[in-house]
Amino acid sequence: MKVSIDGILGSAKRITSERQIDGEESGNKKRGELRSDSVEIGNRVNSRLDSIQLELKDLQSALTKSQVLRNGIDLLERDMANGGQGTRQILESSMYEGGKILKEFLGEEPTQSVLQLKREQVQTNIRADVSRITRLQIEVENIVASNMADGSRADDALRSVSAALDKTGGEVRAHSNLNADVVMRLIR
């Protein structure tokens with residue numbers, strides 16, 4: 001079940017409008033429906049927070065893999081500039097989750113043009129992962145601000161997203177499409 005922030009906000013608006021209508025009619029039946037709607041929204045929000053946690057783990061894994069590849073490509077480029085004597089050792093020693101990731105990604109005998117092409121591919125993957133983590137952070141912050149979620153779950157999700165962004169180091173600034181000045185003007 002895919003839960004989006006738009007769906008949650010739409011449900012919240014519907015509940016608010018029902019409360020206004022019910023303000024004039026005092027019926028226990030409607031109040032019970034509102035409570036069940038609130039519980040349903042809370043369950044949806046908590047479910048979305050759980051799925052965000054899973055998505056974040058996948059993103060962190062993909063980002064780490066891309067960073068290992070980028071570091072390996074850097075080593076290979078430096079080695080090629082110095083004669084290329086350590087290429088085989090670099091290919092064999094770059095491991096991720098038990099596999100020779102660099103060798104699988106580049107092949108047995110990578111050339112300078114292959115390295116450049118693969119570097120661009122890795123940079124694109126890193127940009128996409130950082131962008132998705134940033135979007136998750138915004139979504140979690142919106143959920144926290146709505147007070148619709150279980151406090152501990154929302155706090156855990158927010159901490160996880162923040163930690164993931166911290167692990168990217170300068171990646172967010174280097175790959176973000178957001179202009180900090182424009183965002184600050186919009187917030188004000």
Side-chain angles (χ1 to χ4, degrees), residues 1-16 33-74 93-106 117-180 182-183 186-187:
M1 171 171 92
K2 179 95 175 173
V3 178
S4 70
I5 195 69
D6 294 330
I8 293 169
L9 291 175
S11 295
K13 286 179 184 176
R14 185 184 50 141
I15 289 172
T16 302
E33 288 176 12
L34 288 176
R35 285 188 192 124
S36 68
D37 284 347
S38 294
V39 169
E40 181 183 337
I41 290 171
N43 288 339
R44 284 184 182 180
V45 169
N46 289 333
S47 173
R48 178 60 184 143
L49 287 172
D50 291 341
S51 66
I52 285 173
Q53 292 280 24
L54 293 174
E55 190 175 343
L56 186 60
K57 286 179 185 177
D58 292 341
L59 282 170
Q60 286 176 314
S61 178
L63 186 59
T64 301
K65 180 179 177 182
S66 295
Q67 290 170 330
V68 168
L69 287 170
R70 183 182 60 191
N71 291 340
I73 291 171
D74 288 344
S93 65
S94 292
M95 306 281 281
Y96 180 75
E97 294 183 349
K100 296 177 182 176
I101 186 173
L102 197 59
K103 190 174 186 179
E104 294 169 7
F105 187 66
L106 298 173
L117 180 68
K118 294 295 187 172
R119 173 183 291 287
E120 291 171 11
Q121 183 180 348
V122 167
Q123 286 300 105
T124 300
N125 292 344
I126 289 173
R127 264 188 236 104
D129 292 341
V130 168
S131 177
R132 287 176 58 200
I133 290 172
T134 303
R135 276 190 234 120
L136 286 178
Q137 180 185 27
I138 292 167
E139 185 175 353
V140 170
E141 287 174 351
N142 286 335
I143 289 171
V144 169
S146 73
N147 289 329
M148 300 294 280
D150 176 22
S152 63
R153 277 188 177 171
D155 290 342
D156 289 345
L158 193 55
R159 264 190 249 104
S160 296
V161 172
S162 295
L165 287 173
D166 289 344
K167 287 180 185 178
T168 65
E171 300 293 335
V172 174
R173 286 191 195 106
H175 300 295
S176 177
N177 294 330
L178 297 176
N179 181 336
V182 173
V183 172
L186 288 172
I187 291 172

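The line from CG of Asn125 to CZ of Arg127 is 9.5 Å long, rounded to the nearest 0.5 Å. The CZ atom of Arg48 sits 13.5 Å away from the CZ atom of Arg44 when rounded to the nearest 0.5 Å. Taken from CD in Gln123 to CG in Leu69, the straight-line distance is 11.0 Å, to the nearest 0.5 Å. Atom CG of Leu136 is separated from atom CD1 of Ile143 by 9.5 Å, given to the nearest 0.5 angstrom. Between Ile126 atom CD1 and Gln121 atom CD the span is 11.0 Å, to the nearest 0.5 Å. Rounding to the nearest 0.5 Å gives a distance of 11.5 Å between CD1 of Ile52 and CD of Gln137.
When the salt bridge (charged side-chain N to carboxylate O under 4.0 Å, His left out) test is applied to Lys100, the partners found at least two apart in sequence or on another chain are Glu92.
The two residues Ser94 and Gly72 come nearest to each other via the heavy atoms OG-CA, 4.2 Å. In this structure, Lys118 and Leu106 approach most closely via the heavy-atom pair CG-CD2, 3.4 Å. Minimum interatomic distance between Met95 and Ile101 (heavy atoms only, all atoms of both residues): C-CG2, 4.1 Å. Annotation for Val122 and Ile73: closest pair CG2-CD1, 4.3 Å, computed over non-hydrogen atoms. Across Asp129 and Ser66, no two heavy atoms sit closer than the pair OD2-OG, 4.3 Å.
With contacts defined as side-chain heavy-atom distances shorter than 4.5 Å, the pair Arg119/Asp74 qualifies. Counting heavy atoms from C-beta outward, Arg135 and Ser131 have side chains that approach closer than 4.5 Å.
Thr64 places a side-chain N or O within 3.5 Å of a backbone atom of Gln60 that can act as its donor or acceptor partner. In this structure a side-chain-to-backbone donor-acceptor pair under 3.5 Å is missing from Ser47 to Asn43.
Using a cutoff of 4.0 Å between basic side-chain nitrogens and carboxylate oxygens, Glu97 and Lys65 are not scored as salt-bridged.
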